[in-house]
Amino acid sequence: MVRITLPDGSVKEFANAPTVGEVAASIGAGLAKSALGGRVGTTGANLAKDGELVDLAHPIESDSSLAIVTAKNRDGTVSPDALYLLRHSCAHVMAEAIQRLYPGVQLVYGPPLETNFYYDMLFPDGKVMSADDFEKVEAEMAKIVAENRPFTRYELPIADGIAKLEKEGSKFKLDNAQRAVEAGSKSLSWYATGEPGKNWEDLCRGPHVPATGKIGAFKVLSLASSYWKGDEKLDRLTRVYGTAFATKEELEQYARLQEEARRRDHRTLGKQLRLFHIDEMVGQGLILWTPKGSIVRNELQNFIGTELRKQGYHQVYTPHIGKLDLYKTSGHFPYYKESQFPAIVEGDDLTKLCDSGCSCGELVARIDGVSAQFARELNERTGREVIAQDRVMDADKLINGFLLKPMNCPHHAKIFASEPHSYRDLPVRLAEFGTVYRWEQSGELNGMTRVRGFTQDDAHLFVREDQVAEEVLGCLSLVKIIFATLGMHEYRVRVGLRDPDGTKYVGDPANWDKAEQACRDAAKTLGVPFSEEPGEAAFYGPKIDFVVKDVIGRSWQLGTVQVDYNLPVRFDLSYTGQDNKPHRPVMIHRAPFGSMERFCGVLIEHFAGAFPCWLSPEQVRVLPISEKSAPYADELVAALKARGVRASVDHGNDRVQAKIKVAAEEKIPYMAVVGPRDAENRVVSVRARGVEANLGEMPFDAFVAGIAAEIDARLLSGAPGTVQAALTK
RNA sequence: GCCACCGUAGCUCAGUGGUAGAGCACACCCUUGGUAAGGGUGAGGUCGAGGGUUCAAUCCCCUUCGGUGGCUCCA
């Protein structure tokens with residue numbers, strides 16, 4: 001006797017272990033027809049969390065909870081489980097279609113994802129697939145779907161399964177199987193699209209929809225390259241992306257959302273709204289901030305600047321370059337040499353080197369080199385061999401040069417070290433909008449979100465050991481203020497810890513433990529869920545990161561707070577304690593925005609270009625109905641400007657309708673339409689962005705004061721207290 | 001850096017083996033109009049760059065630069 005508990009709490013009893021499909025059939029013929037799979041768990045389990053997604057043909061051996069998976073949930077929403085089954089199944093169909101069209105293609109791995117699926121495959125030598133072939137592949141897939149072949153699961157004992165794969169000769173599938181065994185699989189399973197032995201099949205854990213005909217709508221999306229197991233030393237694979245839905249309507253909806261996302265994309269909006277420009281001749285990944293974008297950036301900087309003054313920070317400025325010795329001391333060079341712009345070596349030195357016939361390889365070695373004294377001192381201070389002996393060379397061999405700064409911390413450490421400090425002075429908080437340069441791989445560059453030159457809203461806090469926890473908290477409060485003011489609620493918090501097996505970390509493990517605990521404790525106070533991620537720490541200390549997603553679903557790290565027990569040692573920083581002895585401070589690195597470039601990019605998408613009034617490049621556009629009202633319009637703009645409001649008049653000879661359209665396209669938060677009637681009554685007719693109507697009249701002075709107040713308070717559009725809210729009450 | 005795709009006017013995009021077009025934007029003229037495009041005229045392009053094939057290349061081929069989507073990377 002098997003007792004099945006359904007989501008509505010009802011219980012069904014079966015004499016023998018029924019399949020999910022049989023349970024569905026016992027409930028109703030309609031359900032049996034639309035069922036795609038099931039989610040089972042122990043009786044009373046939270047299926048959404050702990051349940052296992054299974055085939056329709058999966059037999060239920062013992063008392064369980066069961067939810068039948070159909071394309072739509074009972075409340076009409078699309079079931080993620082159904083999409084998983086559909087996409088996983090569609091990946092098989094696509095793989096079969098591609099193997100038909102391109103004999104010799106080896107399959108590697110094809111999982112479903114949040115909005116799509118892919119299949120990694122190895123094409124035989126010389127063969128490639130091109131985007132022009134998508135239609136052909138889709139046509140072949142359509143045939144397989146039309147044949148409505150069942151997905152048939154069969155299992156083999158591990159030894160037999162491995163033998164079968166060895167015979168078939170696919171190292172990729174063999175590896176998948178071996179990994180499944182290592183992960184604890186008791187047997188290996190295959191899914192045939194049709195009849196085992198007769199039709200196409202694939203080693204697969206499943207589950208799948210019952211038959212290919214259930215795949216209502218699908219599309220091959222794109223091609224990419226990937227590496228086997230993500231390792232660039234292993235085979236380079238072709239990754240084919242596709243997506244699948246239960247219905248054509250859902251696929252069309254997906255396409256519409258993609259289109260909408262493209263419109264919100266900061267690169268599209270940045271061009272449209274003239275917020276920034278990237279010029280080939282200036283260089284890849286180097287942002288040119290146009291006047292409008294600069295306003296947004298500047299407002300953000302003023303905003304955070306106000307908060308920093310409240311929290312006792314000192315503003316500093318440091319140059320964009322520093323000597324190699326600075327970064328050899330900090331450890332950034334040559335450790336991160338691959339991610340930096342090459343060193344700048346003085347012309348005279350270079351000439352001397354060339355004249356002496358110095359080879360390229362030797363030059364590189366000599367740039368990395370340090371003096372014996374330098375190595376000895378640093379190694380002693382850090383208590384380990386941070387400078388290997390092979391980098392030590394004679395003084396006459398050493399080349400001095402400069403580096404475009406990849407980080408601001410060494411400069412700030414030197415400011416701290418430039419004068420003696422008492423324990424009473426700490427924490428010392430040094431803040432700078434510091435521009436840094438990093439050599440990102442060309443393929444990684446992306447609009448404003450991944451660039452080669454960027455400005456961090458950086459600060460370094462030099463604190464006593466007993467102040468670490470409190471100061472980390474203070475840093476987090478800054479991030480919270482920013483996110484709250486901007487209405488950004490969709491972020492996740494990541495506490496980056498050491499990778500237990502990692503070797504790249506520097507510093508004392510005991511200090512690491514303390515720092516990691518401080519981060520955990522601070523993150524707990526945020527009141528939002530956070531994840532602890534081993535291996536995500538910086539090489540010098542643990543960190544707390546704030547991560548948001550862009551419109552196409554990619555994650556970007558914004559704000560960060562990092563504890564550092566390492567640099568103070570390397571730079572031999574100290575303060576005088578109560579005991580009149582030198583003590584080592586702890587450094588905290590923090591950048592609440594992360595970088596101005598990335599943050600603005602994400603912010604453009606967050607607001608879809610429609611910034612709140614205080615951030616908008618233009619805050620009020622005054623639209624005179626005709627030239628007759630120009631003087632009154634000018635008077636209004638002058639009054640607004642006197643209050644620091646960014647406003648202008650559209651003096652064009654277009655009709656007011658056309659002026660409204662232009663201002664709307666520029667996403668200006670407020671329009672003030674003024675004509676003879678308004679001038680006579682000393683009022684303005686107000687329109688707010690996103691509201692397709694005249695909101696009504698407002699007295700001249702009240703409008704100016706209202707806009708200025710809304711800006712000063714840094715209110716979000718339409719929030720209580722805004723001019724818009726006052727008029728729509 | 002790797003794979004696929006893309007590069008035509010300031011922007012969005014058509015187009016063709018016989019040296020180019022639209023809409024918007026821009027300039028000028030008419031229009032002075034009350035809440036999402038009034039009308040007309042005009043200017044604007046070495047078709048990303050270099051090389052090759054051809055009588056002839058924006059179009060075909062190669063190289064290169066840049067962009068996009070992924071992969072790898074991200075102190």
Side-chain angles (χ1 to χ4, degrees), chain A residues 116 118 120 123 128-134 221-234 236-241 262 265 267-268 271-274 277-281 283-285 327 330-333 335-340 406-410 436 438-447 449-452 456 496 504-506 536-541 543 552 554 556-557 560 562 564 566-567 589 598 623-630 653-665 671-678 685-687 689 691-696:
Chain A
N116 54 10
Y118 67 79
D120 276 345
F123 278 71
V128 284
M129 185 171 159
S130 122
D132 298 335
D133 304 331
F134 288 179
L221 295 174
S222 62
L223 289 169
S225 93
S226 64
Y227 302 107
W228 189 29
K229 300 183 190 180
D231 185 339
E232 59 186 315
K233 289 185 221 47
L234 300 177
R236 199 180 56 226
L237 309 171
T238 301
R239 176 169 294 184
V240 189
Y241 279 87
R262 264 192 290 279
D265 192 302
R267 292 162 299 193
T268 311
K271 215 180 265 182
Q272 240 170 52
L273 302 175
R274 320 242 148 181
H277 174 65
I278 300 172
D279 196 280
E280 263 186 54
M281 197 178 274
Q284 291 179 283
Y327 300 102
S330 71
H332 291 116
F333 192 88
Y335 203 92
Y336 285 101
K337 199 165 60 175
E338 302 301 312
S339 337
Q340 289 162 354
M407 303 289 274
N408 300 304
C409 11
V436 298
R438 300 181 189 178
W439 187 259
E440 305 289 358
Q441 294 188 81
S442 62
E444 259 315 319
L445 298 172
N446 186 278
T449 46
R450 190 78 184 266
V451 292
R452 284 185 173 160
Q456 298 175 310
K504 72 170 183 174
Y505 307 103
V506 294
E536 283 295 315
F539 79 96
Y540 49 73
K543 57 181 186 173
I552 49 178
R554 286 181 297 208
W556 298 103
Q557 181 197 311
T560 181
Q562 312 181 351
D564 181 359
N566 172 55
L567 275 191
H589 312 241
R598 179 176 289 178
L623 313 179
I625 290 207
S626 75
E627 273 173 27
K628 288 177 200 135
S629 306
N653 62 0
D654 287 316
R655 303 221 296 231
V656 74
Q657 289 92 324
K659 293 179 183 179
I660 287 170
K661 180 168 188 293
V662 169
E665 274 170 358
M671 294 174 228
V673 177
V674 292
R677 283 206 309 264
D678 304 279
S685 299
V686 182
R687 275 185 80 111
R689 180 185 53 211
V691 184
E692 287 193 28
N694 180 359
L695 291 182

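Because the structure is a prediction, the values reported are computed rather than measured.
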Practice task
May I have the distance from Ile278(A) (atom CD1) to C65(B) (atom C1'), rounded to whole angstrom?
Solution key: 15 Å
Problem - Any Arg239(A) side-chain N or O less than 4.0 Å from OP1/OP2 of A4(B) - result: no
Exercise for the section: Please determine if a side-chain N or O atom of Asn446(A) lies less than 4.0 Å away from the OP1 or OP2 oxygen of G69(B). Expected result: yes
Exercise for the section: Confirm from the modelled atom types if Ser225(A) and C71(B) form a donor-acceptor pair under 3.5 Å, side chain to base only. Expected result: no
Exercise for the section: Write down the distance separating the P atoms in G44(B) and G51(B), rounded off to the nearest Å. Expected result: 27 Å
Exercise for the section: In whole angstrom, give the distance that lies between atom CZ of Arg677(A) and atom P of G34(B). Expected result: 9 Å
Fill in the blank from the handout: Here the distance between atom C1' of C24(B) and atom NZ of Lys659(A), to the nearest Å, is 19 Å
Problem - Any donor-acceptor N/O pair under 3.5 Å between G70(B) base and Ser226(A) side chain - result: no
Handout entry: Separation of Glu338(A) CD from Arg438(A) CZ (nearest 0.5 Å)
Key = 15.5 Å
Fill in the blank from the handout: Of the candidates A36(B), A37(B), G69(B), the side chain of Glu692(A) sits closest to A36(B)
Exercise for the section: Between G15(B) and C73(B), how far apart are the P atoms? Round to whole Å, please. Expected result: 40 Å
Completion exercise
When rounded to the nearest 0.5 Å, the distance separating CH2 of Trp556(A) from OG1 of Thr449(A) is 3.5 Å
Handout entry: Phosphate-side-chain proximity, Lys628(A) and G33(B), N/O vs OP1/OP2 below 4.0 Å
Key = yes
Problem - Salt-bridge present (Lys229(A), Asp231(A); N to O < 4.0 Å) - result: no
Completion exercise
The nucleotide from U31(B), C71(B), G34(B) with an atom nearest the side chain of Asn653(A) is U31(B)
Problem - Given C71(B), G33(B), G66(B), the nucleotide with the shortest approach to the side chain of Gln284(A) - result: G66(B)
Handout entry: Nearest-0.5 Å distance that lies between atom CE in Met407(A) and atom CG in Leu567(A)
Key = 8.0 Å
Problem - Pairwise P distance, G69(B) and U58(B) [rounded to whole Å] - result: 30 Å
Practice task
Give a yes/no answer on whether the side chain of Gln657(A) brings an N or O atom under 4.0 Å of OP1 or OP2 in A37(B).
Solution key: no
Completion exercise
Ranking G1(B), G34(B), G38(B) by distance to the side chain of Gln441(A), first place goes to G1(B)
Fill in the blank from the handout: To the nearest angstrom, the CZ-P distance between Arg655(A) and G38(B) comes to 5 Å
Problem - Nearest-neighbour nucleotide for the Glu280(A) side chain, A75(B), G66(B), U35(B) considered - result: G66(B)
Exercise for the section: Please confirm whether any donor atom in the side chain of Ser685(A) sits under 3.5 Å from an acceptor in the base of G34(B), or the reverse. Expected result: yes
Fill in the blank from the handout: From NZ of Lys271(A) across to P of C11(B) the rounded distance in Å is 7 Å
Problem - Distance below 4.0 Å between Arg267(A) side-chain N/O and U68(B) OP1 or OP2 - result: yes
Handout entry: Interatomic distance at P, G50(B) relative to U12(B), whole Å
Key = 23 Å
Problem - Listed nucleotide nearest any side-chain atom of Tyr227(A), set A75(B), G70(B), C71(B) - result: C71(B)
Practice task
Give, for atom CZ of Arg687(A) and atom CG of Asn694(A), the distance between the pair rounded to the nearest 0.5 Å.
Solution key: 7.5 Å
Problem - Arg450(A) CZ to G70(B) C1', straight-line distance once rounded to whole Å - result: 14 Å
Exercise for the section: Report the nucleotide, chosen from A36(B), G34(B), U32(B), that has the shortest atom-to-atom distance to any side-chain atom of Ala664(A). Expected result: A36(B)
Exercise for the section: Establish, with yes or no, whether the OP1 or OP2 oxygen of G10(B) is under 4.0 angstrom from a side-chain nitrogen or oxygen of Arg274(A). Expected result: no
Exercise for the section: Provide, to the nearest angstrom, the distance between the CD atom belonging to Glu440(A) and the C1' atom belonging to G66(B). Expected result: 18 Å
Handout entry: Closest nucleotide among G70(B), G33(B), U35(B) to the Asn694(A) side chain
Key = U35(B)
Completion exercise
Closest to the side chain of Gln562(A), out of G38(B), U32(B), A75(B), is A75(B)
Exercise for the section: Could you work out the separation of C59(B) and G52(B) based on their P atoms and round it to a whole Å? Expected result: 14 Å
Practice task
Establish, with yes or no, whether the OP1 or OP2 oxygen of C24(B) is under 4.0 angstrom from a side-chain nitrogen or oxygen of Lys661(A).
Solution key: no
